[in-house]
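Remarks on the structure that follows.
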Amino acid sequence: MAALSKQNTNRLSLAMERTGQWIFSQDIPTDVVVVVGEANFSLHKFMLVAKSNSIRKLILDTNEPDLAKIDLSDILGGAEIFEKAAKFCYGVNFEITVHNVAALRCAAEYLEMTDKYCDGNLAGRTEDFLAQVALTSLSGAVVVLKSCEDLTPMAEDLKLVQRCVDVASIKACNESNFPSRSPPNWWTEELSIVDIAFFKRIIASMKARGAKALTLASAIITFAERSLPDLIRDQSGSGTISSGPNESDTRAAQRQLLESIVTILPTERAAFPISFLCYILRTAIFLGASSACKSELEKRIAIILEHVTVDDLLVLSFTYDGERLFDLESVRKIISGFVEKEKSVAVFNGGDFREVSSAAMLRVTKTVDAYLGEIATYAELSISKFNGIANLPPKMARKVDDDLYRAIDIYLKAHPNLDEIEREKVCSVMDPLKLSYEARVHASQNKRLPVQIVLHALYYDQLKIRSGVEERSLPDASTTRNQLQADVSLAKENEALRTELLKMKMYITDMQKTTQGSSSGVKGGGVKRPTFFSSVSKKLGKLNPFKHGVSKDTSNIDDGVDLSKPRRRRFSIS
């Protein structure tokens, strides 16, 4: 700060030295001191009064008999511009440029150095320069407009700002339609040097003149990249944001600038490339921009999400150090907005969104699955957030679930401490029956997967082998799933019947053991006591139509029938 003050003092001293050269070259001593800030100019009243009506009024209206000091510290442009105005009063030549013409015009108005007071005065000279030199080109108009930033509101009152805006917009529109030099968009760099307030006016003027949305978008992109270079142009995701004592003020200014840029975006939401919108949205998230600002950007991205890449989604996901994840709420809103748009289009066209997915929906779903695989390695990614994004695309948008299975496998590998229920919850977003053969083979050997998913994969392959058909001729996943449920139900019924038969067999075996134990307790030569099973067998034997057959169960049963004589059979027509 001290060095800056010393530099200003040296500059003023040099200015006073130069002033003394063209003042004291005359033999008439000075009679007034003009104070402009820290600079003091020793001048002659009669030379100043000859050109400046304002100084003449100060001298005439003063109550002092001999006014020796005049304070003009509030003159626009400061001591440097007043020095040139004083030179003009003395007839000393100096150069008028596009950089100082606006300040000289304001100083001429402040000092009332107009043609009404004196012919060929400073105001007329500056107006001639503006009309003949400065405002004849885009570059000149923009430089003059840039210099007006410190000259308001007088520059507005003198219509300097509006004149520069009109010229800049006309020249920019002409250059966008008929480029005069290379590269064709050189004019966007010219417009980007002004502040956001003047830039908004130029864009509004170009829009009123019928400029195309792509033309306006080109200018806005260049302006944003130049205004927020550390935030917008850092496309690697590894940049660092400098911090310091004025960090909060800087962030507030950047946030206000960003929100102003978003307000001037053309209504045609597809005019901007999706990569630029993603960078702008990441900057808005980082700076804590308003909800309306972020919502507008999210809607614009959702409309053209079919052109999104994995890198674009990753831009929205990571902080500038590339090590931490954002909230991912914006990513969820963007994908959800695109799905709703596709659903509306399908309904409008008379189709069923649940059965048929558009080519754009298929592309976005594939990108989303690849994106999940990229962010799955981060420990702070919860299961709910992972599943929330995975469930956004409709089920029919995935012909196969290989990409989603890869993302799930990466997530399970990066989170080894999940229990069985949590792993099942992660895998719930995937349909095991929609995996390719290679993915099913991998899944059947994947120890990270829950048992239920592995069984589904194995069962599908067994079903294919049992069916004896090629995989490409297998039924679709829904048919297979219904068949799987039917087979499982049948298997349960068979298992129940097998269990009942086993119980009956064990019961009969126990009863036979009991019978044999009773028979062994009878004395030899005694009469057998009829048992329950023998009496029952005898009665059943009388009803047996196949008595002539030999059976070990009926060999000891005497029913009084002579088996040596053939049985007469009667044949009838019936």
Side-chain angles (χ1 to χ4, degrees), residues 1-26 30 32-45 47-55 58 69-114 117-118 120-130 133-135 139-158 160-161 164 193-195 198:
M1 192 68 181
L4 182 61
S5 178
K6 183 177 180 181
Q7 182 180 359
N8 292 335
T9 303
N10 293 337
R11 187 180 62 189
L12 292 173
S13 299
L14 293 175
M16 288 300 299
E17 182 179 352
R18 294 194 306 269
T19 303
Q21 291 176 358
W22 53 266
I23 291 295
F24 294 110
S25 61
Q26 305 181 31
T30 60
V32 66
V33 176
V34 179
V35 180
V36 182
E38 298 179 356
N40 297 326
F41 297 89
S42 298
L43 303 172
H44 301 86
K45 292 180 181 178
M47 297 297 293
L48 299 176
V49 169
K51 298 292 185 180
S52 173
N53 188 36
S54 176
I55 295 178
L58 289 174
K69 188 176 183 180
I70 300 176
D71 189 357
L72 299 177
S73 297
D74 54 349
I75 186 173
L76 296 177
E80 185 177 356
I81 295 299
F82 177 77
E83 179 187 358
K84 290 180 171 53
K87 281 185 176 182
F88 185 84
C89 293
Y90 279 84
V92 179
N93 291 328
F94 63 92
E95 184 180 8
I96 300 178
T97 65
V98 291
H99 297 280
N100 63 23
V101 64
L104 287 172
R105 178 65 186 90
C106 292
E109 192 69 21
Y110 175 83
L111 296 173
E112 298 184 20
M113 298 175 65
T114 62
Y117 182 72
C118 177
N121 214 336
L122 181 60
R125 290 281 299 275
T126 54
E127 286 292 342
D128 292 341
F129 183 85
L130 286 170
V133 180
L135 299 184
S139 300
V142 171
V143 172
V144 175
L145 184 60
K146 176 68 176 177
S147 65
C148 290
E149 294 175 4
D150 300 326
L151 302 175
T152 54
M154 183 171 289
E156 291 281 4
D157 298 336
L158 295 175
L160 276 178
V161 173
C164 293
I193 68 172
V194 300
D195 68 359
F198 291 160

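Here the structure is a predicted model, which means the values were calculated and not measured.
Put simply, the side chain of F41 does not reach to within 4.5 Å of the side chain of L48, judged on heavy atoms. V33 is not listed as a side-chain neighbour of I70, based on a closest heavy-atom distance of 4.5 Å or more. Taking the side chain as every heavy atom from C-beta outward, K69 and V35 approach each other to under 4.5 Å. L130 places a side-chain heavy atom less than 4.5 Å from the side chain of L160. Counting heavy atoms from C-beta outward, T30 and L43 have side chains that stay 4.5 Å or more apart.
Residues meeting the side-chain contact (heavy atoms from CB on, under 4.5 Å) test with S52, sequence neighbours left out: S54, I55, L111, M113. Annotation: side chain to side chain donor-acceptor pair (under 3.5 Å) contacts of N53 (sequence neighbours excluded): R56, E112. Under the salt bridge (charged side-chain N to carboxylate O under 4.0 Å, His left out) criterion, E149 pairs with K146, not counting sequence neighbours.
Between the D128 side chain and the R125 main chain, no donor and acceptor come within less than 3.5 Å of each other. No donor-acceptor pair closer than 3.5 Å links the side chain of Y110 to the backbone N or O of D74. Between the side chain of N121 and the backbone N or O of A123 there is no donor-acceptor pair closer than 3.5 Å. Counting only distance, with no hydrogens or angles, the side chain of D150 and the backbone of L76 share no donor-acceptor pair below 3.5 Å.
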Going through the checks in order, is the side chain to side chain contact (heavy atoms under 4.5 Å, CB included) test met by S147 and H99?
CA-CA 6 Å; S147 65; H99 297 280; 6.0 Å; no

Side chain to side chain contact (heavy atoms under 4.5 Å, CB included) between I81 and V36, intermediate numbers included:
CA-CA 10 Å; I81 295 299; V36 182; over 6 Å; no

Take C164 and L135 through the test side chain to side chain contact (heavy atoms under 4.5 Å, CB included) and record every step on the way to the result.
CA-CA 7 Å; C164 293; L135 299 184; 3.8 Å; yes

Evaluate R105 against F129 for side chain to side chain contact (heavy atoms under 4.5 Å, CB included), listing each step before the verdict.
CA-CA 10 Å; R105 178 65 186 90; F129 183 85; over 6 Å; no

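The CZ atom of F94 sits 8.5 Å away from atom NZ of K87, with the distance rounded to the nearest 0.5 Å. With rounding to the nearest 0.5 Å, the separation of CD in E109 from OG1 in T126 is 9.0 Å. Here the CG atom belonging to L122 is positioned 11.5 Å from the NZ atom belonging to K84, to the nearest 0.5 angstrom.
For the residue pair A79 and A39, the shortest heavy atom distance occurs at CB-CB, 3.9 Å. Across all non-hydrogen atoms, the minimal contact from C148 to A102 is SG-CB, 3.9 Å. Closest heavy-atom contact between E156 and F198: OE2-CE2, 4.1 Å. For the residue pair V101 and V98, the shortest heavy atom distance occurs at CG1-O, 3.9 Å. Pairing each heavy atom of V49 with each of Y117, the nearest pair is O-OH, 2.6 Å.
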